[in-house]
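The structure under discussion appears below in the form of structure tokens.
Below, each value reflects all heavy atoms present in this structure, side chains not excepted, and no hydrogens, waters or symmetry copies.
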Amino acid sequence: MSDEQGVQHGGEPGPQDPRPEERLHRLQRRLAEFAAARGWEPYHTPKNLAVALSVEASELVEIFQWLTPEQSAEVMGKPETAHRVADEVADVLAYLLQFCEVLGVDVLDALAAKIERNELRFPVKGLPTSNCHSSE
């Protein structure tokens with residue numbers, strides 16, 4: 001069953017689903033409405049959301065902690081690990097979107113700008129401006 005905007009309930013995109021960026025912003029609004037309906041806004045400070053994001057990212061890392069590179073490449077082939085990975089990815093994205101909502105960061109614009117800066121810093125041809133990767 002789909003809603004008036006063409007999105008099937010259960011998370012599956014419908015045949016008339018909007019562009020991905022519209023869907024992302026709609027999900028971001030749903031998260032904000034979810035928190036507001038439960039009175040969680042006072043707790044959704046930038047600091048708290050950044051900490052929660054870090055915790056959820058750590059839970060994702062935990063799945064891979066003792067796996068070999070080969071085993072880590074196969075996690076989505078096993079239903080029990082695939083489900084855990086998908087859940088943790090969703091948690092990380094949810095907190096990131098809430099963090100961006102609170103601070104007024106357009107996540108897609110920020111990513112596009114970062115990719116452009118990295119393309120300049122690490123050109124395909126010629127010598128890169130830096131031989132190391134950074135977390136900037």
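- A distance of 11.0 Å separates CD of Glu56 from CD of Glu62, quoted to the nearest 0.5 Å.
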Check: Hey, mind stepping through Val61 and Glu88 against side chain to side chain contact (heavy atoms under 4.5 Å, CB included) and telling me if it holds?
Finding: CA-CA 9 Å; Val61 169; Glu88 296 307 334; over 6 Å; no

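- Side-chain contact between Arg30 and Phe34 is absent, with no heavy atoms from C-beta onward closer than 4.5 Å.
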Side-chain polar contacts of residues 89-102 - donor-acceptor pairs under 3.5 angstrom, sequence neighbours left out - could you list them?
residue, atom, partner, partner atom, Å
Gln98, OE1, His44, ND1, 3.3
Gln98, NE2, Ala94, O, 3.0
Glu101, OE2, Arg29, NH1, 2.3

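- Judged as a side chain to side chain contact (heavy atoms under 4.5 Å, CB included), and not counting sequence neighbours, the contacts of Glu41 are Ala36.
- We find the CG-CH2 distance between Asn48 and Trp40 to be 13.0 Å, quoted to the nearest 0.5 Å.
- Contact check for His25 versus Asp106: side-chain heavy atoms found under the 4.5 Å cut-off.
- Here the side chains of Met76 and Thr81 are not in contact, with every heavy-atom distance at 4.5 Å or above.
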Apply side chain to side chain contact (heavy atoms under 4.5 Å, CB included) to residues Val85 and Phe64 and explain how you reach the verdict. CA-CA 9 Å; Val85 168; Phe64 296 90; 4.0 Å; yes

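- In the hydrophobic clustering of this structure, Val107 does not group with Leu27; members are Ile, Leu, Val, Met, Phe, Trp, Tyr whose side-chain heavy atoms approach within less than 4.5 Å, directly or through other members.
- In the hydrophobic clustering, where aliphatic and aromatic side chains (Ile, Leu, Val, Met, Phe, Trp, Tyr) are joined below 4.5 Å either directly or transitively, Leu111 groups with Ile115.
- With rounding to the nearest 0.5 Å, the separation of CD in Gln28 from CD in Glu21 is 13.0 Å.
- A search for side chain to side chain donor-acceptor pair (under 3.5 Å) contacts involving Glu22 returns Arg19, not counting sequence neighbours.
- Shown here are the side chain to side chain donor-acceptor pair (under 3.5 Å) partners of Asp87, two or more places apart in sequence or in another chain: His83.
- The closest donor-acceptor contact from the side chain of Ser54 to the backbone of Ala50 lies at 3.5 Å or more, if one exists at all.
- Residues satisfying the side chain to side chain contact (heavy atoms under 4.5 Å, CB included) test with Glu74, not counting sequence neighbours, are none.
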